[in-house]
Amino acid sequence: MANAQAGGQWYPPEWPGRIRALASGELTPVTPKRAATVMLLKDTGAGPAVHMLRRRTSMAFAGGAYAYPGGGVDPRDDDRHVRWAGPSLDRWADRLGVDRAGAQAIVCAAVRETYEEAGVLLAGPAPDAVVGDTTGADWEADRAALVARELSFAEFLDRRGLVLRSDLLGAWTRWITPEFEQRRYDTWFFVAALPEGQRTRNASTEADRTVWITPREAAGGYDRGELLMMPPTIATLRQLTAYGTAAEALGAAPARDLTPVLASARLVDGEIVLSWPGHDEFTKHIPTGGAPA
């Protein structure tokens, strides 16, 4: 069962042992799986709110933590050309720091997972259009088929005559799960505005609650220890507090630094120091035989 140390920071009890094993050479890091997550925004009288879900406590990874819709890349996300609108794959590849196939897979994963987990689809019948309400029974059947991997995202778009609106996404940041974790992800975080006419719902089997909450409110809940979050989640929420509208946040995305944030664990004066570059609030000091401080 994960617990919180400072504020609502997600901190699994097995981390100290795994960190010590990594430092001693007894643990070989697993290769991180590529993933994408989307900070879906909508404007409110108090500024932009972000859509968050709470992962079920039974989940092996980050159970009970608040997060954004997202998940791992489906191997079929890059198996053939997806109907595409917005910046070219070459431009996305340059922005994300990967090849063309990787760029398609990551952007597709972002759009697909947002639809699978929140019922929101960043696609339209034309490059300048977005679908409206997606809550009908036929839409739900297709969404369930995507979740079950009975249908690839490219097939889904073809079947409905839709194009993926990559221009509705802004790449925001990139975090890689620490080397001592059992489940590792190389995750690109995106921002997007909720399309007009669409509405979110808890469509994820991995979540037991969803909320629309302003980044400031969510960060306050974390600071009070009321909302459990992983470091990249609270870090991105703090970054979003600077923007007064969803459009402002999207407009800021192209200038964001996508250098990966990867935690490091090092032995200093008989204790393990766990840190995330550029994010001092998450630093932990772990005695060689005790709990973190």
Side-chain angles (χ1 to χ4, degrees), residues 1-12 35-57 59 61-71 110 113-114 116-120 122 169-175 177 185 187-195 198-204 206-253 256 261 263 276 278-284:
M1 180 74 173
N3 54 47
Q5 293 294 328
Q9 184 176 343
W10 179 71
Y11 193 92
T37 191
V38 176
M39 298 178 286
L40 198 60
L41 304 172
K42 72 174 181 180
D43 291 324
T44 72
V50 62
H51 181 69
M52 303 190 75
L53 52 83
R54 184 175 65 189
R55 295 173 61 82
R56 294 186 184 278
T57 55
M59 296 295 295
F61 183 80
Y66 280 79
Y68 313 113
E113 288 284 345
T114 302
E116 289 181 10
E117 297 199 335
V120 170
L122 302 176
L169 288 168
W172 191 261
T173 191
R174 178 182 177 186
W175 287 64
T177 308
Y185 298 93
T187 306
W188 282 260
F189 287 69
F190 296 86
V191 288
L194 177 68
Q198 294 193 41
R199 57 185 187 272
T200 56
R201 58 195 177 90
N202 183 7
S204 173
E206 299 179 355
D208 59 13
R209 183 181 185 226
T210 62
V211 295
W212 279 103
I213 188 170
T214 66
R216 197 171 304 279
E217 288 174 325
Y222 169 91
D223 290 336
R224 293 188 297 272
E226 297 168 0
L227 301 181
L228 188 67
M229 297 179 200
M230 292 177 283
T233 309
I234 180 59
T236 49
L237 285 170
R238 296 202 198 285
Q239 293 158 0
L240 288 173
T241 61
Y243 304 97
T245 65
E248 284 181 15
L250 277 164
R256 295 276 310 168
V261 178
W276 279 259
H279 300 273
D280 292 344
E281 73 166 294
F282 306 128
T283 299
K284 297 293 178 195

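- Applying the side-chain hydrogen bond (donor to acceptor under 3.5 Å, both in side chains) definition to pairs two or more places apart or across chains, none involves residues 35-50.
- Residues satisfying the salt bridge (Lys or Arg N to Asp or Glu O under 4.0 Å) test with Arg174, not counting sequence neighbours, are Asp186.
- The two residues Ala110 and Leu169 have their closest heavy-atom pair at CB-CD1, 4.2 Å.
- Under the 30°/60° scheme for interplanar angles, the aromatic rings of Trp175 and His279 are found to be tilted.
- Rounding to the nearest 0.5 angstrom, the gap separating the CG atom in Leu40 from the CD atom in Glu117 is 12.0 Å.
- No side-chain heavy atom of Val38 sits less than 4.5 Å from a side-chain heavy atom of Glu113.
- Taking the six-membered ring for Trp and thresholds of 30 and 60 degrees, Trp212 and His51 have ring planes inclined between 30 and 60 degrees apart.
- Summarising the geometry of Pro48 relative to Pro215, their closest heavy-atom pair is O-CD, 3.2 Å, with the distance given to 0.1 Å.
- Applying the side-chain contact (heavy atoms from CB on, under 4.5 Å) criterion to Leu250, with sequence neighbours excluded, gives Val191, Ala193.
- Glu248 places a side-chain N or O within donor-acceptor distance of the main-chain N or O of Gly244, the cut-off being under 3.5 Å.
- Contact detail for Gln198 and Gly119: the closest heavy-atom pair is OE1-O, 4.0 Å.
- Across every non-hydrogen atom of Met52 and Tyr66, the tightest pair is CE-CB, 3.9 Å.
- Under the 3.5 Å distance criterion, the side-chain polar atoms of Arg216 are matched with a main-chain donor or acceptor of Thr241.
- Taking CG from Leu228 and CD1 from Ile234, the interatomic distance works out to 11.0 Å, rounded to the nearest 0.5 Å.
- You'll find the side chain of Val50 stays beyond 4.5 Å of the side chain of Thr236, heavy atoms only.
- Taking every heavy atom of both residues into account, Tyr185 and Ala35 meet most closely at CD2-CB, 4.1 Å.
- The minimum heavy-atom distance between Pro69 and Ala118, with the atom names listed, is CG-CB, 4.1 Å.
- The side-chain heavy atoms of Thr233 and Tyr222, taken from C-beta on, include no pair separated by under 4.5 Å.
- In this structure, CZ in Phe190 is found 9.5 Å from OG1 in Thr114, a value given to the nearest 0.5 Å.
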